[in-house]
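To start, the structure itself, in structure tokens.
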Amino acid sequence: MNLAQVSRGQLFTVERVGGQRAFRRRLMELGLVPGTQIELVGVAPLGDPIEFLVRGASLSIRRAEAAEVGVVRVEAALDAAPELTRVEPELGARSAT
Amino acid sequence: MTAQACHEPESGDRTPDSGERLRQVVVVGNPNVGKTTLFNRLTGQNARVGNYPGITVERRAGTLKLGSGDADAEVVDVPGAYSLAARSPEEQIAINSLLGLGGLPKPALAVVVVDAGQLIRNLYLVLQLAELRVPLVIALNMIDEVSDRPPDPAVVGELFGAPCVATNAKSGLGMEALKQEIAKILAVPRPASVSIEYPAALRPEIDRVAEALPKSWRGSVERDRALGLWALSSIEAEDELEGIPDELRERCRDVEETLGKDHDLDRDIIGARYAFLDSHADRIFGRVAKHPPKRAGSARLDRFLLHPVFGFVAFLSIMLVTFLALFSWADPAIKLIEAAFGGLSKLLEAQLAAGIFRDFLTEGVIGGVGNVLVFLPQILLLFLFIGLLEDSGYMARVAFLMDRIMRALGLHGRAFVPMLSGFACAVPAILATRTMERRRDRLLTMLVVPLMTCSARLPVYTLVIAALFPERTLLGFLPLGAALMVAMYCFSILMTLLAAAVLGRTVVRGRRVPLILELPPYRVPSLKSVLRMMWERAAVFLKEAGTVILACTIVLWALLSFPRGEAPVTAPLAADAPAETQTRPAPTKAEEIADRSARLEHSYGGRLGKAIEPALRPLGFDWKIGVGLIGAFAAREVFVSTLGVVYGVAGGDEDTAPLRDRIKHEKRADGRPVYSALTGLSLMVFFALACQCMSTLAVVRRETRSWRWPAFLFGYMTVLAYLASLMVYQGGRLFGWG
């Protein structure tokens, strides 16, 4: 599943970030590393770009690029206000603690 | 410790003695973290705006007074950056000024401003700086916005080995503490440090890249490694970086090949950094690892402002107000400036004896200064609006709303505001392209904005329409004049979009860059910051574009006034002056006008007009229009008054009636009228497209720092205007009009 296919009101986790190198790196630098939670907030009035909430920040990218970001649905029901919880990062976690 | 201890932190560097050269403090941070407000707080009233060498990124600098025996420091504001992974010249500036590369001085320390409400993500930049062992002071800004779950400055500071202060630049909270920490680090330099564990396979490769660094870049082992990491994530085939040695480039490519497809370099590097930050989130926030709550108010506001229907209504209203401000609110001020300079001219005329010196002062100098200052009201208003839009967070929404439409034309979403401003005047519109980060986007917008119907074209359209088109109504209700005016506006919009589509695919091609837009939370703009920016921009315009405009006005004046005294006072033109002028005011006035028109005919400008007549004839113009066009190069509205002089008719911009009649009745030798409706149409099309505005060229020259782009702009617009006029005139004749 990719980010261009998600609908509002559900939580997803970033699985992989694809696309042009500069683009994917910038997205990751903005906190969209694999394991991060992401949520669709809205769509621009003309249907493109789309707006997401990541790490408490609102980011917009175009549909074409959103299709390069692989996500998985967070199954746990989180009906409360989607406060962004930190998901255990899969990389380098050993180094930290 | 004491003031004497303020030598350069790095040994072996050039050692400017502290007495002469102030130590440099660089202010960095992500966009929208209140960096500018904090910079203003630090520098007080001492900020100056300059340019980075060779590139149009503004560099603001000011003095930080530390007081009590400590030497002052110079504070420099660098462009906002999410990270140090530079790929464009603009981003490179940030890293160059932080590390003292590329000919920029090495700063004594960096104040890194972070948004306390976006902490983990903002700390990414802090982490990169700490890896590079830059001496840091961290400002946890906008701390008031997260009062319910404040991060702990002590923990953040400890993590990076740098002092960390909670601040709120808007209210001034924490600023004294911040200054004290800056003074401490300046006295006893202490590099920040952090240690990230990268995947094992990566480590030897990082060292390999570090080995290829040029000698002058190198420092400690840690710094070299960090630079190696920077090189690995910045250098690639498509970057636009300057000053990267071939050896380093080669080594990066080599390492990428060695690691092969199995290793995703970017993911490894960035992932490891975020893993480090995330793992400390619990300690930073003192509770369960949660990010501070997002600002709910902004989301609510966006539900309205980004709504498919209301959003567009709101957007159009905001743009309409901006447009009205530029178009009509600025008008009284512009009129006032024009009147003031007109009055000054009259005063000098009355005081000084007639002659070349008086003419030079009244027409050249005062006219020139007036030409510069008339832009001031519009520039100030535009920057007031842009400042408010930027500061409130709405500008990012403009890009969000307009991206779809603008992208189709190859333009950036943010180009919308400059394009709209172009209806008032191209000069402030070109200055407004600053809101775009990429040079290519700015350039493309600059090159097409002068095609928008600016207010200076209106007097010409009005004159031509009134003189050459019958007062009829179309379809029984629509006045022909109004219809033509609307048609000219539509024509200009169409041509602008067309030019953008063509130029964007040819001359300023550039890579297609995916859009990543952050919509910052809405905030109440800081009026002080906005006013300050407004004034700084205006000052830069007056200084740099103003001098060019002034010089051009004087040259043009000379062109239309020299050589003098060759024409007999009773010039042939005076003899066939129309009845209107004869019956007008005093005979002395008529004589003077006749004299001026004779002088103009014999001036270099007049001769030039005659010389280019063969080229203009296919467009339906004679040499007199040619002189008008030459005069109109200074500014389009000058066309009307130049034509007035050519025809020896009194009245300028205010009263075109005599000129209008004159044009209507002007006959060729064979008795046919010189001007037909077709000539008028051809003339209007020419004015719509030609770049007759040296102020525009002066501003493009200032913004691009080269003569190449203004020359190109002038060239392509003139060719376009000529061809379009030719098509209109010749095409029209083919159909038997005119």
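In terms of heavy-atom pairs under 4.5 Å with chain B, the best-connected choice from A:E29, A:R16, A:R26 is A:E29. Chain B forms the most heavy-atom pairs under 4.5 Å with one residue out of A:V17, A:D48, A:L59, A:L30, and that residue is A:L30. With chain B as the partner, the residue from A:G42, A:P49, A:G47, A:G19 showing the most heavy-atom pairs under 4.5 Å is A:P49.
Separation of atoms CG (A:L46) and CG (B:D403) is listed at 9.5 Å; rounding is to 0.5 Å. Here the CZ atom belonging to A:R62 is positioned 9.5 Å from the CG atom belonging to B:L517, to the nearest 0.5 angstrom. The distance from atom CD1 of A:I61 to atom CG of B:L515, rounded to the nearest 0.5 Å, is 9.0 Å.
Nearest heavy-atom pair, B:P514 versus A:Q20, reported as atom, atom and distance to 0.1 Å: CD-OE1, 3.8 Å. The two residues B:I235 and A:R21 come nearest to each other via the heavy atoms O-NH1, 3.9 Å. B:A85 and A:R25 get closest at one heavy-atom pair: CB-NE, 3.8 Å. Between A:G56 and B:Q118, the shortest heavy-atom contact is O-NE2, 3.1 Å.
At a 4.5 Å heavy-atom cutoff, the contact between B:D302 and chain A is made by side-chain atoms alone. For a residue to count as touching a neighbouring chain, one of its non-hydrogen atoms must lie under 4.5 Å from one of that chain's; by this rule A:I50 touches chain B with the backbone only. Heavy atoms of B:S233 lying under 4.5 Å from chain A belong to its backbone as well as its side chain.
Looking at A:S58 and B:E518, their side chains never come closer than 4.5 Å, going by heavy atoms from C-beta outward. With contacts defined as side-chain heavy-atom distances shorter than 4.5 Å, the pair B:Y124/A:M28 does not qualify. Side-chain atoms of A:P45 and B:H307, non-hydrogen and from C-beta on, never get closer than 4.5 Å to each other.
A:E51 has no carboxylate O lying under 4.0 Å from a charged side-chain N of B:R397, or vice versa, which leaves the two without a salt bridge. Taking 4.0 Å as the cut-off between side-chain N and carboxylate O, A:R24 and B:D264 count as a salt-bridged pair.
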* Run the numbers on A:S60 and B:L519 for side-chain contact (heavy atoms from CB on, under 4.5 Å), then give the verdict. => CA-CA 7 Å; A:S60 299; B:L519 302 186; 3.9 Å; yes
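In this view, B:F400 satisfies the ring pair (Phe, Tyr, Trp, His ring centres under 6.0 Å) rule with no residue, not counting sequence neighbours.
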